[in-house]
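Keep in mind that what you see is a predicted model, and the values were worked out from it rather than measured. Along the sequence shown, the residues carry numbers beginning at 1.
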Amino acid sequence: MLAAVLPLCVLGAPLADAPTDLPPDEMSGEKEEDDQKNTPRPEVFNIINIWEQVLSSTNSHKKKFEIEFSSNVEYALLNRYKLPSVPGKKPNSSSSKEVCFQWLAKGLMDYKVLLKYVVREYPNSPIVAKVNAAIPLLIAHIKAKMRNADQVVAPTSSEEQQWLKKLDNPDLFHRKMMAHSILRSLNFFLVDGKRLYRSSSAVSTMFSNN
């Protein structure tokens, strides 16, 4: 399942590299301290593992698109389809980790709504099934790290209806293109999100250890 965590092994420095004038117990203590500094916290590894499993699915979107349309439709055509809501501009490297986590949580909530449109056109999509199963786990984990998690709220039912109505189109081809545009945009968001989460979590760990 998505929440499964792969075994994590971190090898310490070879004993041959340690100073020979240190007593064995002191040498062991230093090695243990170094391992603790270099080993990712279990909860960080767990959430990254989930993120990578979802990405392994969304990364396959382009290939599935090309198979469906037999190269008769250029993937770049999806650039013409604009989404009614995206998480906004990605925080820069100088942004606080709180701002980064807010952007991630809000983006995941928005895409959960947009995926409802994809389900209408592709009810059996394995990509959507995997992402929908993972989003609540990712949101819960990210919000648990925030000081003001209550400030990040999901779109209201009225907003959801407005977004989905804007996406609707009587033409089947355009509806499918919009669905694929959402999946492509989602993949970009997850790639950026994973990188941002790693950097924000690294900053959080650094300060918590000082």
Side-chain angles (χ1 to χ4, degrees), residues 1-6 43-69 75 78 81-88 90 100-146 149-169 172 174-198 200-201:
M1 297 299 294
L2 287 175
V5 183
L6 299 175
E43 67 271 18
V44 173
F45 179 76
N46 181 43
I47 207 70
I48 292 299
N49 179 251
I50 295 174
W51 218 303
E52 288 176 344
Q53 290 186 51
V54 175
L55 275 172
S56 70
S57 183
T58 58
N59 282 336
S60 68
H61 170 250
K62 183 177 181 181
K63 185 65 176 178
K64 292 181 182 298
F65 177 92
E66 292 171 345
I67 292 174
E68 179 180 352
F69 295 100
Y75 195 64
L78 299 180
Y81 292 83
K82 305 302 180 183
L83 307 185
S85 175
V86 290
K90 185 179 72 171
C100 294
F101 289 148
Q102 286 179 352
W103 182 81
L104 289 170
K106 178 59 176 170
L108 289 167
M109 290 176 178
D110 289 352
Y111 275 108
K112 189 168 179 62
V113 173
L114 296 177
L115 285 174
K116 293 181 179 181
Y117 181 88
V118 183
V119 171
R120 291 181 183 177
E121 301 304 318
Y122 297 95
N124 299 315
S125 168
I127 295 178
V128 176
K130 181 166 285 189
V131 175
N132 272 334
I135 282 180
L137 299 175
L138 295 173
I139 292 175
H141 183 92
I142 292 168
K143 293 186 75 171
K145 289 177 167 291
M146 297 169 59
D150 58 329
Q151 293 182 3
V152 181
V153 295
T156 64
S157 58
S158 176
E159 289 173 328
E160 284 191 21
Q161 291 175 8
Q162 290 177 11
W163 294 358
L164 296 176
K165 185 176 181 179
K166 287 181 180 179
L167 294 173
D168 207 8
N169 192 301
L172 176 61
H174 287 299
R175 291 202 307 270
K176 288 185 176 294
M177 289 299 101
M178 180 58 77
H180 281 291
S181 179
I182 292 171
L183 291 177
R184 189 184 75 142
S185 180
L186 171 62
N187 186 61
F188 292 155
F189 171 80
L190 290 172
V191 170
D192 287 340
K194 176 189 168 186
R195 188 180 300 115
L196 187 64
Y197 178 87
R198 278 185 181 277
S200 299
S201 295

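Side-chain atoms of Tyr75 and Lys63, non-hydrogen and from C-beta on, never get closer than 4.5 Å to each other. No side-chain heavy atom of Ile142 sits under 4.5 Å from any side-chain heavy atom of Ile139. Residues Leu164 and Arg120 form a side-chain contact, since some pair of their non-hydrogen atoms from C-beta on lies under 4.5 Å apart. Two residues are said to be in side-chain contact when any heavy atoms from C-beta on lie closer than 4.5 Å; Tyr122 and Lys64 fail this criterion. Residues Leu167 and Ile182 form a side-chain contact, since some pair of their non-hydrogen atoms from C-beta on lies under 4.5 Å apart. Taking 4.5 Å as the limit, every side-chain heavy atom of Ser57 sits out of range of all side-chain heavy atoms of Val131.
In this structure Gln102 satisfies the side chain to side chain donor-acceptor pair (under 3.5 Å) test with no other residue, sequence neighbours excluded. For Lys143, the salt bridge (charged side-chain N to carboxylate O under 4.0 Å, His left out) test picks out no residue, with sequence neighbours left out. With sequence neighbours left out, Glu160 forms a side chain to side chain contact (heavy atoms under 4.5 Å, CB included) with Val113, Lys116, Pro155. The side chain to side chain donor-acceptor pair (under 3.5 Å) search around Tyr117 returns none, not counting sequence neighbours. Scanning for side chain to side chain contact (heavy atoms under 4.5 Å, CB included) contacts around Lys82 gives an empty result, with sequence neighbours left out.
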Side-chain donor-acceptor pairs of residues 183-195 under 3.5 Å, sequence neighbours excluded:
{"from": "Arg184", "atom 1": "NH1", "to": "Asn79", "atom 2": "OD1", "distance (Å)": "3.0"}
{"from": "Arg184", "atom 1": "NH2", "to": "Asn79", "atom 2": "OD1", "distance (Å)": "2.3"}
{"from": "Ser185", "atom 1": "OG", "to": "Tyr111", "atom 2": "OH", "distance (Å)": "2.5"}
{"from": "Asn187", "atom 1": "OD1", "to": "Thr58", "atom 2": "OG1", "distance (Å)": "2.6"}
{"from": "Asn187", "atom 1": "OD1", "to": "Asn59", "atom 2": "N", "distance (Å)": "3.4"}
{"from": "Asn187", "atom 1": "ND2", "to": "Asn59", "atom 2": "OD1", "distance (Å)": "3.4"}
{"from": "Asp192", "atom 1": "OD1", "to": "Arg195", "atom 2": "NH1", "distance (Å)": "3.3"}
{"from": "Lys194", "atom 1": "NZ", "to": "Glu52", "atom 2": "OE2", "distance (Å)": "3.1"}

Does the side chain to side chain contact (heavy atoms under 4.5 Å, CB included) test come out yes or no for Phe101 and His141, once each step is laid out? CA-CA 10 Å; Phe101 289 148; His141 183 92; over 6 Å; no
List the steps, then state whether side chain to side chain contact (heavy atoms under 4.5 Å, CB included) holds for Asn169 with Met178. CA-CA 9 Å; Asn169 192 301; Met178 180 58 77; over 6 Å; no
Evaluate Val153 against Met109 for side chain to side chain contact (heavy atoms under 4.5 Å, CB included), listing each step before the verdict. CA-CA 8 Å; Val153 295; Met109 290 176 178; 5.6 Å; no
Side chain to side chain contact (heavy atoms under 4.5 Å, CB included) evaluation trace for Lys145 with Tyr197: CA-CA 11 Å; Lys145 289 177 167 291; Tyr197 178 87; 3.0 Å; yes
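Closest heavy-atom contact between Ser56 and Gln53: OG-O, 2.5 Å. Taking both residues in full, the closest heavy atoms of Thr156 and Glu159 are given as N-OE1, 2.9 Å, listed atom of the first, atom of the second, then distance. Nearest heavy atom pair, residue Leu78 against residue Ser181, reads O-OG, 3.6 Å.
Note that OG of Ser158 is 11.0 Å distant from CH2 of Trp163, once rounded to the nearest 0.5 Å. Rounding to the nearest 0.5 angstrom, the gap separating the NE2 atom in His61 from the CD atom in Glu68 is 8.0 Å.
With 3.5 Å as the limit, one finds a donor-acceptor pair spanning the side chains of His174 and Tyr81.
Relative ring orientation between His180 and Phe69 is described as perpendicular, the plane-to-plane angle rising above 60° on a 0-90° scale split at 30° and 60°.
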